[in-house]
**Student:** 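Take this structure, written in C-alpha cells, and hold onto it; I'll ask about it next.
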Amino acid sequence: MAIAVSGAQRRIAMTDPPRVVTERRGHVFLVKLNRADKRNAVDRAMYNQLAVAYAELDKDPEMRVGVLHADGDHFTGGLDLTDWVGVIENDGLMPTEGGLDPLGITTDPVSKPVVIAVQGRCLTIGIELMLASDIRVAATDTRFAQIEVKRGIFPTGGATWRFFRDAGWGNAMRYILTGDEFDADEALRMGLVQELVAPGEQLNRAIEIAEVIAAQAPLAVAATLASARLAEAQGYRAVVPTLVPMQAELIKSEDAREGVQSFIERRTATFSGR
C-alpha cells in the first residue's frame, strides 16, 4: 500500500483526496477522518486506510499514543451502508492486508493507547470506535446513536459487549435495542466518555491527555495497557500470575532506572522507551 509523505503529514494514498490523514506531533500520532463532505461516513476505503494508520502507530517506536479525530462538524454519520452491503454479506469488516482492525476484532488491537475526540453526529461505528479506544473526549454538542436496529441489522463492531461493559447492562440495552439518540451529558453519565469540552476544543483536550501519556515510560504504559486488557478478556485471575514477572522485566529497563534517579534528584523523568 503506497504511503506518500508531505511535510509533517503522511497521507495514505488509496483515494484522492485521502479518507484518512495522519500527522506526527512529537510522540503523538494524530489520525484524522477526512471525509467531512459526507459527514465522515465510513466506506471501505476509509476503513482500510484507518487500519493502515493504526498499523503504522503500532509499528513506529517513536509514536507512543494515538489520537483519533475527525474533520468537519461531525465525527461520523456511521457506515456508508451502500458501499458495505455486499461485503458484509460475504466477509464482514475485514481490513486490508497489513492493517490493524481499528475495532480490534478481526486482528489484534493496536498495542498503544488511543485517545478519541468526537463532535457533532457520532453514530454506529463512531460509538464502536469510541468503545475500542482507551480515553474519550466529546464536545458538548455531540449526539450519539446506535441505530443498527432501525436498519434491520445489529451492531457488529463491538457494541454488543463493550457498550454494557462501560455503561452497564440497562443503559446499553436502553440505546442499542431502541436505536434512540442520546446527548453528550448522557454519554458522560453512562461512562461512555470521560470528559466534555466546548465544541471545537475536543481535539486540543485529547492531544493534551495524549501528551501526558506520551511523557510517561513507554514500556510501563504498554505493560499497564496489556495487563488491563488481559483482565478484561480473561478476568483478574489470569492477570495475577503475570504481575511479578512483568514487573521484574520492567525493573531492569533503562526507564525504570531513570524513574528512580529522577525521584532521587527531584526532577521530571525523561524516558527513552528502553
Side-chain angles (χ1 to χ4, degrees), residues 1-60 62-80 83 95-96 99-104 109-110 112-139 141-142 157 193 195 197-211 213-214:
M1 184 146 323
I3 300 179
V5 181
S6 176
Q9 294 185 332
R10 301 183 64 168
R11 298 184 175 184
I12 302 167
M14 293 173 59
T15 58
D16 188 19
R19 299 283 200 266
V20 171
V21 177
T22 64
E23 178 185 351
R24 287 164 163 75
R25 189 174 300 189
H27 292 298
V28 175
F29 190 70
L30 302 178
V31 181
K32 180 173 70 175
L33 306 185
N34 191 46
R35 201 185 183 203
D37 59 321
K38 300 292 185 181
R39 287 190 170 186
N40 290 312
V42 180
D43 61 3
R44 286 177 291 169
M46 178 183 282
Y47 185 72
N48 285 330
Q49 290 178 42
L50 192 55
V52 172
Y54 271 52
E56 191 173 358
L57 166 63
D58 196 73
K59 293 174 183 176
D60 190 334
E62 290 300 310
M63 296 298 101
R64 300 179 181 179
V65 187
V67 172
L68 179 61
H69 65 111
D71 188 37
D73 295 332
H74 304 283
F75 182 73
T76 180
L79 281 182
D80 187 340
D83 191 49
T96 188
L100 276 183
D101 182 3
L103 299 171
V110 63
K112 298 171 184 177
V114 174
V115 184
I116 190 169
V118 300
Q119 76 280 358
R121 294 285 178 179
C122 183
L123 307 182
T124 63
I125 194 171
I127 294 175
E128 292 179 309
L129 286 168
M130 284 174 49
L131 292 168
S133 300
D134 301 294
I135 301 170
R136 308 143 200 170
V137 178
D141 68 350
T142 313
V193 301
E195 291 192 23
V197 296
E201 291 301 315
Q202 66 278 355
L203 176 57
N204 291 335
R205 181 58 183 143
I207 291 172
E208 287 176 356
I209 294 170
E211 287 176 339
I213 297 170

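These figures come from a predicted structure and were not determined experimentally. Atom set for the values below is all heavy atoms of this structure, side chains included, hydrogens, waters and symmetry mates excluded.
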**Student:** Which heavy atom of Ala53 sits nearest to which heavy atom of Val31, and what is that distance?
**Tutor:**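 Minimum heavy-atom separation between Ala53 and Val31: CB-CG1, 4.0 Å.
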**Student:** Taking the side chain as every heavy atom from C-beta outward, state whether Val52 and Asn48 have any pair of such atoms under 4.5 Å apart.
**Tutor:** no
**Student:** Please give me the minimum heavy-atom distance between Asn34 and Pro18, naming the atom from each residue.
**Tutor:**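 What the structure gives for the nearest pair is ND2-O, 2.9 Å.
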**Student:** Side chains of Leu129 and Leu50: does their closest heavy-atom pair fall under 4.5 Å?
**Tutor:** yes
**Student:** Going by salt bridge (charged side-chain N to carboxylate O under 4.0 Å, His left out), name the residues that satisfy it together with Arg205, two or more places apart in sequence or in a different chain.
**Tutor:** Glu195, Glu208
**Student:** Mind checking side-chain contact (heavy atoms from CB on, under 4.5 Å) for Arg64 and listing every partner two or more places apart, or none if nothing turns up?
**Tutor:** His27, Ala214, Pro218
**Student:** Would a distance-only check, ignoring hydrogens and angles, find a side-chain to backbone donor-acceptor pair under 3.5 Å from Asp83 to Arg44?
**Tutor:** yes
**Student:** Which heavy atom in Ala132 sits nearest to a heavy atom in Pro102, and how many Å separate them?
**Tutor:** CB-O, 3.7 Å
**Student:** Output all residues satisfying salt bridge (charged side-chain N to carboxylate O under 4.0 Å, His left out) with Asp58, sequence neighbours left out; order by chain, then residue number.
**Tutor:** none
**Student:** So which heavy atom on Val20 is nearest to which on Met46, and how close?
**Tutor:** CG2-O, 3.7 Å
**Student:** Could you tell me whether the side chain of Ser133 and the main chain of Ile135 form a donor-acceptor pair under 3.5 Å?
**Tutor:**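 Judged by distance alone, no pair lies under 3.5 Å.
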**Student:** If I compare all heavy atoms of Ala36 with all of Gly72, which pair ends up nearest, and what's the gap?
**Tutor:** CB-CA, 3.9 Å
**Student:** Nearest 0.5 Å, what's the OG1-CZ distance between Thr142 and Arg136?
**Tutor:**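 With rounding to 0.5 Å, OG1 (Thr142) is 13.5 Å from CZ (Arg136).
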**Student:** Verify, without hydrogens or angle tests, whether Gln119 (side chain) and His69 (backbone) share a donor-acceptor contact under 3.5 angstrom.
**Tutor:** no
**Student:** Could you tell me whether the side chain of Leu123 reaches within less than 4.5 Å of the side chain of Phe75, counting heavy atoms only?
**Tutor:**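 The answer is no, as the side chains (C-beta and beyond) never meet within the 4.5 Å cut-off.
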**Student:** OG1 of Thr124 to CG of Leu79: how many Å apart, nearest 0.5 Å?
**Tutor:** 5.0 Å
**Student:** If we ignore hydrogens and angles and just use 3.5 Å, is the side chain of Arg25 paired with the main-chain N or O of Leu30 as donor and acceptor?
**Tutor:** no
**Student:** Evaluate the side-chain proximity of Phe29 to Arg24: yes if any heavy-atom separation is below 4.5 Å, no if none is.
**Tutor:**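 In contact.
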**Student:** How far does OH of Tyr47 sit from CG of Leu103, to the nearest 0.5 angstrom?
**Tutor:**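 These two atoms lie 5.0 Å from each other.
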**Student:** Any salt bridge between Asp43 and Arg19, counting N to O under 4.0 Å?
**Tutor:**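 Salt bridge between Asp43 and Arg19, a charged N being under 4.0 Å from a carboxylate O: yes.
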**Student:** Give a yes or no answer on whether the side chain of Lys112 reaches the backbone of Gly66 with a donor-acceptor pair at less than 3.5 Å.
**Tutor:** no
**Student:** Would you compute the distance between atom CD1 of Ile116 and atom CD of Gln202 and round it to the nearest 0.5 angstrom?
**Tutor:**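 Rounded to the nearest 0.5 Å, the CD1-CD separation comes out at 11.0 Å.
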**Student:** To the nearest 0.5 Å, what is the distance between CG on Leu57 and CG on Leu68?
**Tutor:** 10.5 Å
**Student:** Just how far is it from atom CD1 of Ile127 to atom OG1 of Thr76, taken to the nearest 0.5 Å?
**Tutor:** 10.5 Å
**Student:** Counting distance only, does the side-chain N/O of Arg121 pair as donor-acceptor with the main-chain N or O of Gly77 below 3.5 Å?
**Tutor:** no
**Student:** Please confirm whether the backbone N or O of Asp71 pairs with a side-chain atom of Asn40, one donor and one acceptor, at under 3.5 Å?
**Tutor:**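 Present.
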**Student:** Of the non-hydrogen atoms in Pro113 and Asp134, which two are nearest, and what is the gap between them?
**Tutor:**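 That would be CA-OD2, 3.3 Å.
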